[in-house]
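Step one of this worksheet: look at the structure below.
Since this is a predicted model, take the numbers as computed values, not measurements. Here, residue 1 is the first one in the sequence, and each next residue gets the next number.
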Amino acid sequence: MLIDLLRHGTTGRDGYLDGRTDHPLSAEGRAQFESQTADRNWPTIVTSPLRRAREAAQRLAGSRNLAPRIDEDWAELDFGLWDGRRKSELEEEPAIQAALAAFYRDPSTNPPPDGESWASFEMRIGRALTRLAHPASPGPVLVVSHAGPMRVALHQVCGLPLDGLWALRIGCGTRIRLNFEVAADARAWGEIVEITQP
C-alpha cells in the first residue's frame, strides 16, 4: 500500500521544540499544506490530534466528503520541560545544551526531562502503522503528522538507522511517499518512493 506522510505546514515557530505545544498554521503553513495536497487523491486521511496537523487535514477531508481519522499515536514527541521553548535559548544553558546533544545522539537513553520516553514514542508509532495495515486501509493513505513520527516511521518501515535520520531534512510541508507492507511474520517493510519539499 502507498502511504503519504505529510508534515504539517509552518506555524511560524521554526526553531522551537514544539512537541505538545500547539499553535495553528500560519498563512504560509496553510499554503505549504495546500501545495502538497492539491490535485492528489486519498480515500483515507489520518491525522495527528494536534491542531497544527488536524485542522488542515479536517479541511482537506471535508472538501472531499471524507471523515478524517484522528489518531493520537501520530502526535509529536512530548519534549517535557523543553517543550515550547526555543532550541537556541535552551542551548545557552550548558547543562541543557549537553542534555540536548545527548538526546540527538541517542534519544533512547537520553529522553527529554519529564518528557516522553523514546521507547514509548516508537511503540505508539508502531501501533499507528499497524492500524494502517490491519486491515489494510484503502490506499493511498495520507497521514498528516510531524517530523518526529515521520522519522520513527522511516526507521521502522524502511529499516533506516535512527541516528542517520537527523540528516534527512523534514521541513514543514514535507511529504514522503512510502510503499508499505506488513510481511507474514508481522514485520513492517517499506521503501521510499518520493520525497517532496514545499
Side-chain angles (χ1 to χ4, degrees), residues 1-13 16-80 83-84 112 115-157 170-178 180-182 188 190 196 198:
M1 71 182 297
L2 291 175
I3 300 174
D4 282 302
L5 300 172
L6 175 58
R7 184 177 179 195
H8 60 82
T10 186
T11 61
R13 289 177 51 88
Y16 284 81
L17 292 178
D18 285 343
R20 299 303 170 90
T21 302
D22 203 14
H23 293 271
L25 297 185
S26 66
E28 178 186 1
R30 288 188 297 278
Q32 289 171 333
F33 184 87
E34 289 164 10
S35 75
Q36 290 287 28
T37 58
D39 303 321
R40 293 190 174 272
N41 187 31
W42 297 277
T44 304
I45 298 175
V46 179
T47 182
S48 158
L50 296 174
R51 179 181 186 186
R52 59 191 184 263
R54 186 191 74 244
E55 288 182 347
Q58 287 173 322
R59 274 193 305 277
L60 176 66
S63 73
R64 297 171 185 204
N65 296 316
L66 297 171
R69 196 164 69 207
I70 298 171
D71 188 335
E72 300 284 331
D73 285 338
W74 284 108
E76 181 60 281
L77 178 74
D78 182 348
F79 286 104
D83 211 294
E116 182 176 10
S117 75
W118 199 260
S120 171
F121 189 38
E122 285 196 284
M123 187 178 303
R124 66 181 172 83
I125 299 306
R127 283 192 312 256
L129 288 165
T130 298
R131 277 192 296 278
L132 294 178
H134 297 290
S137 300
V141 176
L142 174 65
V143 177
V144 184
S145 190
H146 313 273
M150 289 171 69
R151 284 188 172 90
V152 172
L154 289 170
H155 169 65
Q156 292 181 355
V157 172
I170 303 179
C172 292
T174 297
R175 183 179 53 81
I176 301 175
R177 175 164 274 199
L178 301 176
F180 168 66
E181 296 179 21
V182 176
T196 307

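Salt-bridge formation is not detected for the pair E76/R52: no Lys NZ or Arg NE/NH1/NH2 atom is positioned less than 4.0 Å from an Asp or Glu carboxylate oxygen. For R131 and D73, the salt-bridge test passes: some basic side-chain N is under 4.0 Å from an acidic carboxylate O. Between D22 and R51 there is no salt bridge, since no side-chain nitrogen of the basic residue lies less than 4.0 Å from a carboxylate oxygen of the acidic one.
The two residues P112 and E116 make their nearest non-hydrogen contact at CD-O, 3.9 Å. Scanning all heavy atoms of the two residues, the minimum distance from A153 to L5 falls at CB-CD1, 4.0 Å. Among all heavy-atom pairs drawn from P24 and E55, the shortest one is CB-OE1, 4.4 Å. When all heavy atoms of I3 and F180 are compared, the pair lying nearest together is CD1-CD2, 3.2 Å. In this structure, S145 and A53 approach most closely via the heavy-atom pair O-CB, 4.3 Å. When all heavy atoms of P68 and Q58 are compared, the pair lying nearest together is CG-CG, 3.8 Å.
Checked by atom type and distance alone, the side chain of D83 pairs as donor or acceptor with a backbone atom of R20 at under 3.5 Å. In this structure a side-chain-to-backbone donor-acceptor pair under 3.5 Å is present from S26 to T10. R7 places no side-chain N or O within 3.5 Å of a backbone atom of I176 that could act as its donor or acceptor partner. Although no hydrogens or angles enter the test, the distance criterion places no donor-acceptor pair under 3.5 Å between the side chain of R30 and the main chain of G9.
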* To do: Could you give me the CA-CA distance, side-chain angles and deciding distance for L77 and W118, then say whether side-chain contact (heavy atoms from CB on, under 4.5 Å) is met?
  => CA-CA 8 Å; L77 178 74; W118 199 260; 4.0 Å; yes

* Apply side-chain contact (heavy atoms from CB on, under 4.5 Å) to L132 and R69, showing your working. => CA-CA 11 Å; L132 294 178; R69 196 164 69 207; 3.4 Å; yes

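Atom CH2 of residue W74 and atom CE of residue M150 lie 9.0 Å apart, to the nearest 0.5 angstrom. Note that OG1 of T174 is 7.0 Å distant from CD of Q36, once rounded to the nearest 0.5 Å. Separation of atoms CG (L60) and OG1 (T37) is listed at 5.0 Å; rounding is to 0.5 Å. Rounded to the nearest 0.5 Å, atoms CZ (R64) and CG (L142) are 8.5 Å apart. Taken to the nearest 0.5 Å, the CG atom of L50 stands 8.0 Å off from the CD atom of E72.
By the 4.5 Å heavy-atom criterion applied to side chains, P49 and D71 are not counted as neighbours. Counting heavy atoms from C-beta outward, F79 and T21 have side chains that stay 4.5 Å or more apart. Under the 4.5 Å side-chain criterion, counting only non-hydrogen atoms from C-beta, F33 is in contact with L6. Contact annotation: the side chain of S48 never approaches that of H8 to less than 4.5 Å [non-hydrogen atoms, C-beta and beyond]. Considering only heavy atoms from C-beta on, V152 stays 4.5 Å or farther from P149 through its side chain. L154 places a side-chain heavy atom less than 4.5 Å from the side chain of L178.
Using modelled atom types and a 3.5 Å distance limit, the side chains of R54 and T47 yield no donor-acceptor pair.
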